[in-house]
Amino acid sequence: MSKSFLIDTTLCTACKGCQVACKQWHDLPADKTVNQGSLQNPADLTYTTYKVVRMTEEELDGKLHWLFFPDQCRHCIDAPCLETAYDEEAIYKDERTGAILYTANTSKLDADEIIGSCPYNIPRQGPDGTLTKCDMCNDRVHNGLQPACVTTCPTGAMTFGDRDDIMALAEERLQKAQARYPKAALLDADELNVIYLVTQDPSLYSDYAVADAGRRGGMSRGTAIRKMLGPFGRLMNV
Amino acid sequence: MTNHWIDIRNSDCIMIMGSNAAENHPISFKYVTQAMEKGAKLISVDPRFTRTSARADIFASLRSGTDIAFLGGMLKYILDNGLYNKEYTAAYTNAPFIVGKAYGFEDGLFSGYKSANEGPSLGSYDKSAWAFEMDAKGVPKMDRTMTHERSVFQLMKKHFDRYDLDKVSMVTGTPKEDLLEVYKTYAASGARGKAGTIMYAMGWTQHTVGTQIIRTMAMIQLLLGNMGVAGGGVNALRGESNVQGSTDHCLLWHIWPGYLKTPRSSNTSLAAYNKKWTPVSKDPMSANWWQNYPKYSVSLLKSFFGDKASKKNDFGYDWLPKVDDGKGYSWFDLFDHMYKGNMNGFFAWGQNPACSGSNAAKIRKAMTKLDWMVNVNLFDNETGSFWKGPGMDPKEIKTEVFMLPAAVAVEKEGSVTNSGRWMQWRYQGPKPMGNSKPDGDIIMHLGHMIKEEYAHGGKFPEPIKNLKWDYETNGIYDPHKTAKEINGYFVKDTTVKGKVYKKGTLVPSFAFLQADGSTSSGNWLYCNSYTEKGNMSARRSNKDAKNNIGLYPEFAWCWPVNRRIIYNRASVDPKGQPWDEKNWVVRFEGEAKDGKYVTKKWTGDVPDGGWYPLENPDGSKRSDAKHPFIMRKHGHGQIFGPGRADGPFPEHYEPLECPVEKNYFSSQMINPTAVVYSTKDDQHATCDPRFPFVGTTYRVTEHWQTGLMTRPQEWLMELQPNVFVEMSEELAKLRGIENGERVMVSSARASLECTAVVTKRFKPFQIGYATVHQVGIPWHYGWRWPATGTEESANLLTPPAGDPNTRIPETKAFMVNVTKL
């Protein structure tokens, strides 16, 4: 059975421990950041930042809300990036964990197309042309550990486990949250292995909190052709 | 903390005020979250909306420096609406005590005030004016109905009657409906079986009225019956993992280990010293635990001087330095002296005063007056490199600086004591890097060298020569030897309670310490931490106690005598039965016959003394019982606190620098006993149009302290790269400031360039008839890192004034201007 995350934003304190744990486990360099007038840093995901806690201030019904959203790859069950790449040597799925994984061969893909295919605007391209994103700490998971971000979270905002268990927990947490926040919802839960529980309109957390068919994630013409041609597509370098 | 971290989960209402726990004590939120999952309410009171506020049920903003007004209003609300626990208040607090006729309060001043001729204190009180009225036996007169007009209860009612919603709101800037919501929600924790807790930190302490802010909350907690119970207490969240430990072991000038007093010059002999500081109670029902003072002071001297300390030489008392009566030797005072050229040398050990001290520019100037400085730290910092810092000309500076690289915590073995008083043993991880050494080795080596120096002569060599200095094994500092020394030994064969303890045996607990020189103890409070049963702080059992409230009594060790919740005998009613049956802390389980207890037995936590409860099951009073607040002379929780420098009741005074022309509560503008320093580098400006905005400083979750351990760490710098100033959208508009641009923040002392963070989380306050803006700046930065040198310390801005009880600086409320660059 695949693995899933539940990210319960009602418990997140935006301590950014997850951001640092992610960098530490993946031995990623620090981004050179500049404060842009927000406590959120870095301002966005980058080639060397797979996780960022988005922080937005919203006044709703006369009350201030500071919304925290630890953004990362959703490890889609049917991942558009994987389908778009259509190259298992560049993007593949680990069937045991459900992790969507990028290799060095992503440098051979059309980066804009891959990034454009992601409904959640996650992958980033590096100077060497490769694409990166959260890898679910797949190496840790295969060795019986939790992803680094989950281990470090002090409040239990992030949980990780077998999909069935996480789905059950998500439903339970949703019911609890709805008592206090009527707008509480799980985001695209059936399609994703990273399930967010939010309490407000998802678009307030991030422009890409939920998939929007009209905006992104639709299949490009190239993808459609490749899909039609099957394995020959790659040989023909379409 | 009177309670401990895990215990937060037992609370029904958590108020976080004067702290920003989600950001600065992130792990505490594990327990806050657990409490909330069980239905607890979370209240966040802060000048700005923080990451703590983001998780809270209720947020209320207040202008920095107005906490006493805010809490005074809550006290009045509780009293007016009869929401206090009447039985608890009458039985366990000093609310029934009768105060003497000399006590008075008028227009912001208590009786007994005298203004000072020279600073830094503005004035002081003759506290005898606040004494209780005594009966013929010398026991305070009490009226348990609390109706006597001079009872503490009635005086308190009168004192806080002025703290009505209108006036409180006018001073704090908190909307009245927000005040009411907080008051109502928190006061509900006074119901039997409910508990409310307070999590506070430097947002409360760092004011000229800091101590009294905490006193106000302690009074509220006593009235609501929240002291001693699970999920209650008054809980200081310490700013470092071992601040509690360092305070316990006498980091501060005015205390010795275990909160014994530093001797004054007027304490001319050991007998005079012990007499002065040993409280006497004539009430047979008061345990008055401090009556044991001489046992602890003599055991400490035996620990200092070993065999050289004997009855004949007052156990070496004369060898110890004495402080002059009435003089301060705090951080402020030391740097004031250094600035004035009265100090030649300085050890900056594990600290970074060039960035951490209030009015840091003065501190940096003061260091130029030194002949030498030894900087003991992990890395070089703004202190060690002050001579090449901004505005310094190295050619002009005579100070010679020595750097001693210290090992980091994980590279050495030893203990830390956390905020919850838990002493936890840690083992060594990696070996110290390069030439760095554990602090223990550095101190031992230094001690040996000084001893050697004095072996050849010198002025008054006795204290150095006679100092016992044997905490090494094979020439290496041995933390176990130190820990055992702190616990204490029988230094000769001794019989206690019929049992013989051989010389060299570790003392089982402080109840066994003696005043005749037969025991030693480096800190009586820690006596019981390392016994013949082993190192108690190294225990790691995850088994909970019978009451299942997260005490984990065999995990680490906590002072005193492993009591996890102090004042816990107040968690039961006078018959010894818990106020809260679900989360009970202790309960009396002695047998009863004919309505009277006949055997003694307490279960649960280690009780605050094992005496019988105050009453029998049939309601009759027992004369062999003791009042539950055993560390107080009279055994009662102090609603009236006659020991404080600035008054027995808290009173709102404005900060030294404030935005209002008058104090709406009295004509005393600021705390009349505050300490204010006055060299030409100690400028301040109040109600000055040049500095129209309230400023405060704080921490962020991404950095730690002055940033010495976090600014060189690139992953953390990535998270918070620049010193910033948070301000409201309204203020930004007023000044034409764009979000994210660099701006200048100035106070009467200095200017600081910051990145503007324009946010909805700060809102202008309506104070009286004026709109008052406030800004806030994190103080983690300094010119040494990042290498650009542009990110400086917010403490360049903070003021030269402090609390009269502690001399802690008022870094949480001062006045600034903010301008475009």
Side-chain angles (χ1 to χ4, degrees), chain A residues 8-43 46 48-49 51-53 55-60 62-69 152-157 172-173 176-177 179-181 199, chain B residues 20-34 36-37 39 48-59 61 700-702 713-727 729 732 737-742 754-763 778 786 791:
Chain A
D8 182 347
T9 65
T10 67
L11 302 178
C12 178
T13 56
C15 73
K16 306 185 196 166
C18 52
Q19 285 183 216
V20 179
C22 179
K23 292 236 156 171
Q24 187 176 25
W25 182 253
H26 294 98
D27 205 12
L28 291 167
D31 291 357
K32 294 274 173 259
T33 56
V34 172
N35 188 318
Q36 310 277 340
S38 166
L39 267 57
Q40 179 190 319
N41 276 301
T46 68
T48 47
T49 298
K51 181 136 195 165
V52 77
V53 182
M55 305 168 78
T56 43
E57 297 168 11
E58 290 292 338
E59 263 161 2
L60 304 164
K63 217 180 142 190
L64 182 60
H65 294 261
W66 201 4
L67 305 175
F68 306 140
F69 192 76
T152 208
C153 179
T155 58
E172 188 191 316
R173 296 292 315 170
K176 197 152 196 177
R180 193 170 156 201
Y181 308 97
T199 58
Chain B
N20 177 9
E23 298 193 42
N24 303 331
H25 298 87
I27 307 302
S28 74
F29 247 66
K30 179 175 168 176
Y31 305 108
V32 172
T33 304
Q34 286 174 9
M36 292 177 79
E37 291 288 306
R48 71 181 168 139
F49 191 99
T50 65
R51 282 177 252 191
T52 300
S53 318
R55 294 275 66 88
D57 296 282
I58 300 169
F59 167 68
S61 65
V700 294
T701 198
E702 296 87 346
Q713 217 300 336
E714 291 183 340
W715 287 332
L716 299 175
M717 270 317 267
E718 171 197 277
L719 301 180
Q720 242 17 298
N722 303 101
V723 59
F724 58 86
V725 55
E726 290 187 282
M727 67 184 77
E729 292 171 343
I737 290 167
E738 298 285 334
N739 190 24
E741 77 170 305
R742 293 288 272 187
C754 304
T755 301
V757 171
V758 179
T759 171
K760 296 178 197 302
R761 295 177 293 100
F762 255 125
K763 291 268 186 264
E791 311 308 304

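Lettering follows sequence order; numbering is per chain, from 1.
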>> With chain A as the partner, which of E726(B), K760(B), R55(B) has the greatest number of non-hydrogen pairs under 4.5 Å?
In response: R55(B)

>> Below 4.5 Å, heavy-atom pairs only: which of C15(A), G156(A), G17(A), P29(A) has the largest tally toward chain B?
In response: C15(A)

> Side chains of F762(B) and M727(B): does their closest heavy-atom pair fall under 4.5 Å?
Replying inline: no

> Hey, are the side chains of L67(A) and T9(A) touching, using non-hydrogen atoms and a 4.5 Å cut-off?
Replying inline: no

>> Out of T759(B), L719(B), T755(B), return the one with the most heavy atom pairs under 4.5 angstrom to chain A.
In response: L719(B)

>> Let's test your reading of the structure: which of N35(A), V52(A), V34(A) forms the most heavy-atom pairs below 4.5 Å with chain B?
In response: N35(A)

> What's the shortest heavy-atom distance between T49(A) and P42(A), and which atoms?
Replying inline: OG1-CG, 3.9 Å

> Taking H65(A), Q19(A), Q24(A) one by one, which has the highest count of heavy-atom pairs under 4.5 Å against chain B?
Replying inline: Q24(A)

> Under a 4.5 Å heavy-atom cutoff, which of L39(A), T155(A), T10(A) has the most pairs with chain B?
Replying inline: L39(A)

> With D57(B), which residues qualify under side-chain hydrogen bond (donor to acceptor under 3.5 Å, both in side chains), at least two apart?
Replying inline: R180(A)

>> If you count heavy-atom pairs within less than 4.5 Å of chain A, which of P721(B), P786(B), G740(B) leads?
In response: P721(B)

>> Counting only non-hydrogen atoms closer than 4.5 Å, does A732(B) touch chain A with its backbone (N, CA, C, O), its side chain (CB onward), both, or neither?
In response: neither

> For M717(B), is it the side chain, the backbone, both or neither that has a heavy atom under 4.5 Å from a heavy atom of chain A?
Replying inline: backbone

>> Can you tell me which of Q713(B), K763(B), E37(B) forms the most heavy-atom pairs within a distance under 4.5 Å of chain A?
In response: E37(B)

>> If you count heavy-atom pairs within less than 4.5 Å of chain A, which of F59(B), F49(B), F29(B) leads?
In response: F49(B)

> Who are the ring-ring contact (aromatic ring centres under 6.0 Å, His included) partners of W66(A), not counting sequence neighbours?
Replying inline: F68(A)

>> Quick one, V20(A) with E702(B), criterion side-chain contact (heavy atoms from CB on, under 4.5 Å). Give me CA distance, side-chain angles, the key distance, then yes/no.
In response: CA-CA 10 Å; V20(A) 179; E702(B) 296 87 346; over 6 Å; no

> Considering only heavy atoms from C-beta outward, does the side chain of M55(A) approach that of K16(A) to under 4.5 Å?
Replying inline: yes

>> To the closest 0.5 Å, what do you measure between CD1 (I737(B)) and CD (E729(B))?
In response: 13.0 Å

>> Quick check on A756(B) against chain A: is it the side chain, the backbone, both or neither that has a heavy atom closer than 4.5 Å?
In response: backbone

> Which bit of E57(A) comes within less than 4.5 Å of chain B, counting heavy atoms only: side chain, backbone, both or neither?
Replying inline: both

> Of the listed residues (C12(A), G37(A), P154(A)), which shares the most heavy-atom pairs with chain B below a 4.5 Å separation?
Replying inline: G37(A)

> Which pair of heavy atoms, one from K23(A) and one from A30(A), lies closest together, and at what distance?
Replying inline: NZ-CA, 4.0 Å

